[in-house]
Each structure stands twice: as structure tokens, then as C-alpha cells.
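For reference, the structure is listed below as C-alpha cells.
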Amino acid sequence: MHAPAPTLAATDRGFFGHPRGLSTLFFTEMWERFSYYGMRGFLILYMTASVQMGGLGLTAATAAPIYGTYTAMVYLMSLPGGWIADRLIGQRRAVLIGGILIACGHYTLAIPAAVSFYIGLALIVLGTGLLKPNISVMVGQLYEKNDDHRRDAAFSIFYMGINLGAFFGPLITGYLAQDAGFRGWLSGHGLDPNSAWHWGFGAAGVGMTCGLLQYVIGGKALGSAGLHPVAIAGASPEETARFTRRAAIWIAGGLATLTLVGIGAATGVVPLTPSQINTSAGYLQVLVTVPFFAWLFLDRSWTREERRRLYVIVVFFLAAAIFWSVYEQAGSTLNLFADRSTRNEVLGYAFPSSWFQSLNPLFIFALAPVFAWMWITLGDRQPSTAVKFSLGLLGVGIGFLILVPAAQSAGTGAKVSVGWLATTYLIHTSAELCLSPVGLSAMTKLAPVRIVSLMMGVWFLGASVGNYIGGNLAGFYETWPLPSLFTAVGLFGITAGVVMLAISGPIKRMMNESG
């Protein structure tokens with residue numbers, strides 16, 4: 001095995017002043033996010049649509065936990081996905097295999113059958129776990145570690161690719177899945193209009209296929225980035241080979257077990273219900289999170305300063321989990337509200353409810369430069385990391401409280417203006433910009449150099465836990481009065497924000513921050 005080396009000369013400026021390999025990764029990630037957010041934009045709507053309308057006919061109490069489990073597992077699988085790439089196959093192959101699995105998952109979802117639905121979600125989870133963490137690593141490998149000032153700008157460009165895909169995905173797949181005009185076109189050509197959902201799933205698969213094609217075609221521009229796994233420190237070639245064989249056996253065994261369980265559930269031999277899947281995912285969250293942090297705290301190699309920073313990491317992990325549990329209800333609670341209680345038209349033009357999912361990336365495009373300018377302008381006077389976290393938590397909570405009057409109106413049977421949800425998404429995006437990039441930066445500053453990659457996994461773990469909690473909260477959509485549900489979710493975020501603000505002083509001192 002070989003350690004990855006810088007792959008391209010500093011003189012390579014073929015993509016807007018950056019290495020040409022950045023364009024390959026930019027468009028791969030753009031299409032992957034197109035497929036992910038495009039499908040996510042109408043996923044819960046498909047699950048809760050009646051069977052007569054081509055949906056699965058599930059209640060929100062059943063569909064929302066499935067949605068939350070799916071999104072939680074996407075983030076959780078980033079941990080083994082990064083490890084497999086680091087130790088076994090390298091980032092380059094991991095991204096390729098992950099993209100193939102994602103495309104296969106979407107095409108499987110395009111098959112109108114309940115069995116194919118769950119198999120498709122599982123394939124996307126496994127594929128995203130391989131692709132998502134490793135493509136970002138490859139962006140960094142295009143540059144010299146310490147001497148190339150273009151690195152930070154490259155990640156900003158890459159981030160734009162993410163949001164570009166997230167913006168267009170729901171617009172295209174949502175049109176195919178929900179638009180009355182497209183359903184009429186299907187009917188006029190002798191096709192079942194209720195199959196429109198599966199055209200949306202198929203479009204997401206086509207998007208990922210486009211990403212794979214240009215990834216393979218543009219592979220030469222990547223040089224040797226991500227080609228080889230990282231050598232195990234201090235291990236001989238023989239020891240490394242034995243480790244690789246054992247790991248391959250364990251992975252193959254895990255995949256075989258998953259396949260057998262899937263076949264058993266599909267044939268009815270193994271009675272597996274959505275509730276059991278959700279419960280199992282909850283146990284898995286506990287089995288991963290608790291031992292992981294126990295291992296960290298029991299490790300005696302930490303210095304006093306490192307252990308102090310570990311306490312801060314735990315606080316930020318909990319805050320992130322709470323934040324994502326509220327914020328990620330965009331695809332569940334807020335999506336249902338958009339579909340059932342919002343008058344989805346602007347200037348007389350009606351649009352699919354899933355198009356609301358494109359507001360967040362649109363606001364990111366508009367606000368990210370503003371926030372970057374604001375932090376730079378404030379300099380030493382800008383809020384501390386903990387205060388920024390508290391602003392993020394307060395923001396997601398306030399975004400839900402704003403919807404309470406709209407929910408009260410909806411309770412009378414009226415449909416509310418698009419302005420209510422647009423305002424909530426604007427506030428939530430501002431909250432995200434206070435917490436998400438700040439949290440990523442904080443993890444790199446707090447983690448010891450020897451385990452900085454592992455500590456980045458804490459961020460994915462926080463997102464996973466948050467998505468799982470958020471999905472289960474959304475399960476109360478049909479059983480609680482909407483004003484009560486929105487109030488409870490909003491106060492959940494606001495309370496966490498107030499607590500974070502109260503302890504921001506000690507955290508700032510533990511981080512040795514100014515501001």
C-alpha cells in the first residue's frame with residue numbers, strides 16, 4: 001500500500017485557476033447531490049400518497065421514521081465508508097463503487113414495488129457512505145498540503161457544486177413526480193399517470209449516471225489522487241496484507257448477512273416491519289455512539305489540554321445533533337406542510353410542493369458570501385464558536401415558531417401563503433451558516449493532529465443522530481395538532497440555544513478563543 005501523494009503540479013490551473021481534476025470532482029459531487037436531494041424532495045410525499053395515487057399509502061407516523069432512518073444511515077455509513085477507502089481500496093475506487101450503488105438504488109426505486117423501495121434505499125445508503133466522505137478527501141489531495149494557497153478556495157468552489165445539484169435536483173425530479181401537466185402527458189401517451197413518482201426516481205438515477213460518466217472520463221485529470229489506501233503505520237507488507245484479507249472477509253460477511261436479511265424480508269421468511277427497522281436503527285445509533293465516546297474518554301494517551309478539548313467536542317456533538325434534528329425536518333415535517341397546507345402558487349403559476357426543497361441551496365448562494373464577509377469584517381469582534389452555535393440553534397427553533405400561526409390557519413382547512421415556508425427556510429439557512437461551517441472548522445481546531453480525520457467522523461455522527469431524532473419527531477405530524485408540534489419542535493431548538501449561550505463563556509476559555 002502507498003500513502004496518497006500530492007498529485008498535480010502547482011502550475012495546473014486548467015479549471016478557473018485550479019487543477020483540472022477539481023472540475024471532475026465538482027461535477028461528480030454536483031450530480032450526486034442532484035440525485036440525493038432530488039429524490040429526498042418527494043420521498044416522504046411518495047410514502048404518504050395513497051395507493052390509488054401511486055404511493056405506498058403509509059401514515060406519517062410510519063413514513064417519517066423511515067425517512068429519518070434513511071437519512072440517518074446515510075451519514076452513519078460515512079464512518080465505515082471512509083475507513084474502507086483509507087485502509088482497503090483508496091478514495092478513487094470508493095467514489096466509483098459508491099456512485100454505481102447510488103445509481104442502482106435510484107433505478108431500483110423506479111420499479112413500482114414495495115420490495116424494490118426498501119432495496120433501493122439500502123443501496124443508496126451504502127453508496128453514499130462510500131462516496132460522500134471520500135470525494136472531499138480527494139479535493140484536498142489535488143493540492144500540496146502546506147504550500148498551495150488555492151486549497152481553501154477549492155473547497156468553496158466544491159461547496160458551490162453541492163448546492164448547485166441540491167438546487168436543480170428537486171426542481172426536475174419534483175416536476176416529474178408531482179406536476180399535473182406531466183401526469184397529463186403520461187396519460188395522453190397511454191401511460192399510467194400514477195407512475196410519475198417512479199419517473200422522478202429514475203431521473204435521480206440518470207443524474208448519478210451522468211456524474212459517473214464524467215468521473216470516469218475525467219479520471220486522468222485526477223492524477224494519483226485517491227488511487228491507493230493509506231499505509232498502516234509501522235506495519236510490514238505481510239502484516240498489511242493479512243489485515244486487508246481479514247477486513248475483506250468481515251465486510252463480505254456483513255454484506256452477505258444484509259443480503260440474506262433483505263431476501264428473507266422480501267419473501268416473508270423474515271417478518272421485518274418498518275417499525276422494527278426504525279427501532280433497530282435506534283439501537284445501532286446507541287451501539288455506535290456510546291462505545292465511541294467511551295473509548296475516547298478512557299484513552300489514557302490524552303494530555304490534559306486534549307482532554308479539555310474533548311469535553312468541548314462532546315458539547316458541540318450534542319448541539320449539532322439537536323440542530324440537525326430540527327433542521328432536517330425540511331424533508332419530512334415541512335415537506336408535508338408544503339404539500340397539504342400551503343397554496344403552492346406564485347403569480348398564478350402552480351408548482352409542485354417539493355420545489356420548496358430548492359429554497360435552501362438558493363439562499364445558500366445568496367447568503368454564504370454575506371456571512372463570510374461579515375465574519376472577516378468583524379475580525380476579533382466576531383462571536384465565539386459557542387455563541388455562533390447558539391445562534392444556529394435559536395434560529396432553527398424560531399423558524400418553526402414562525403409557522404405556528406400558519407399551522408393554526410391550516411387547522412381550519414385553509415391553505416396558507418408560500419411566504420410562511422419561504423421565511424422559515426430563509427431563517428433556517430441563516431442558522432445553518434452560523435453552525436455548520438463553524439462546526440467543521442471547530443472540529444479541525446479541537447482535534448489532536450493524530451486523529452483529526454476520526455474527529456471529523458464525530459460531525460457525521462452528530463448529523464446521523466439528529467436525522468434519526470428528527471424523523472421520529474416528524475412521526476407525530478398526524479397525531480398532534482400542528483400548532484402544538486411546531487411549538488414543541490421550535491422550543492426544543494430554542495432551549496438548546498439558550499443553554500449553549502449560557503455556557504459559551506467556559507467553552508470559549510476551554511478553546512482559548514478571543515471574541
Side-chain angles (χ1 to χ4, degrees), residues 1 3-4 75-76 78-80 82-83 85-87 133 136-137 140-141 143-147 151-152 155 229-236 239-240 243 285-323 375 379-380 382-390 392-393 435-466 496 499-515:
M1 292 185 183
Y75 286 102
L76 190 62
S78 294
L79 299 179
W83 183 87
D86 281 343
R87 296 302 186 206
S136 299
V137 172
Q141 290 178 358
Y143 301 85
E144 298 287 347
K145 277 193 173 181
N146 301 314
D147 301 327
R151 174 188 290 265
D152 289 346
F155 278 98
V230 180
I232 302 173
S236 67
E239 291 172 328
T240 300
F243 168 82
Q285 295 278 352
V286 174
L287 289 174
V288 171
T289 304
V290 174
F292 178 77
F293 280 106
W295 170 71
L296 287 178
F297 277 104
L298 293 174
D299 187 348
R300 296 185 178 182
S301 67
W302 296 90
T303 65
R304 183 177 179 182
E305 174 66 18
E306 289 173 344
R307 189 167 292 278
R308 186 172 66 175
R309 292 188 172 198
L310 176 60
Y311 295 137
V312 178
I313 288 174
V314 172
V315 172
F316 285 166
F317 164 81
L318 294 173
I322 294 172
F323 175 85
W375 300 141
D380 291 340
Q382 67 179 285
S384 67
T385 299
V387 171
K388 290 177 182 176
F389 263 67
S390 69
L393 288 162
L435 185 141
S436 184
V438 173
L440 288 169
S441 176
M443 290 297 173
T444 61
K445 288 188 289 187
L446 290 167
V449 176
R450 66 183 184 275
I451 56 169
V452 65
S453 296
L454 184 63
M455 287 297 99
M456 289 306 295
V458 172
W459 193 251
F460 286 114
L461 188 58
S464 178
V465 172
V499 171
M500 178 61 73
L501 190 62
I503 63 175
S504 61
I507 290 178
K508 183 173 69 173
R509 290 190 292 272
M510 294 171 78
M511 293 183 67
N512 297 319
E513 278 189 324
S514 59

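Remember, predicted model here, so these are calculated numbers, not experimental data. As a basis for the values below, the full set of heavy atoms in this structure was taken, side chains included, without hydrogen atoms, waters or symmetry mates.
Closest of all the heavy-atom pairs between Phe323 and Gly392 is CE1-O, 3.5 Å. Residues Met500 and Ala386 come closest through the heavy atom pair CG-O, 3.3 Å. In terms of heavy atoms, Pro133 sits closest to Gly82 at CG-N, 4.0 Å. Across every non-hydrogen atom of Gln382 and Trp375, the tightest pair is NE2-O, 3.3 Å.
Aromatic ring centres of Phe297 and Tyr311 lie closer together than 6.0 Å.
Interatomic distance, CD1 of Ile313 versus CE of Met510, reported as 10.5 Å (0.5 Å rounding). To the nearest 0.5 Å, the span separating CG on Leu393 from CG on Leu501 amounts to 10.5 Å. Leu461 CG to Phe292 CZ: the interatomic distance, rounded to the nearest 0.5 Å, is 7.0 Å. Rounded to the nearest 0.5 angstrom, Leu79 CG and Phe460 CZ are separated by 8.0 Å. Separating the CE atom in Met511 from the CZ atom in Arg309 is a distance of 7.5 Å, to the nearest 0.5 Å.
A salt bridge links Glu305 to Arg308: one of the charged nitrogens lies within less than 4.0 Å of a carboxylate oxygen.
With Thr289 contributing its side chain and Gln285 its backbone, the two residues share a donor-acceptor pair below 3.5 Å.
Taking the six-membered ring where tryptophan is involved, the planes of Phe389 and Trp459 are perpendicular, since the angle between them exceeds 60° and thus also 30°.
Screening Leu298, Val314, Val288 against Phe293 for a side chain to side chain contact (heavy atoms under 4.5 Å, CB included) leaves a single residue, Val314.
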query = How far apart are the C-alpha atoms of Val465 and Tyr75, what are their side-chain angles, what is the distance that settles it, and do they pass the side chain to side chain contact (heavy atoms under 4.5 Å, CB included) test?
reply = CA-CA 9 Å; Val465 172; Tyr75 286 102; over 6 Å; no
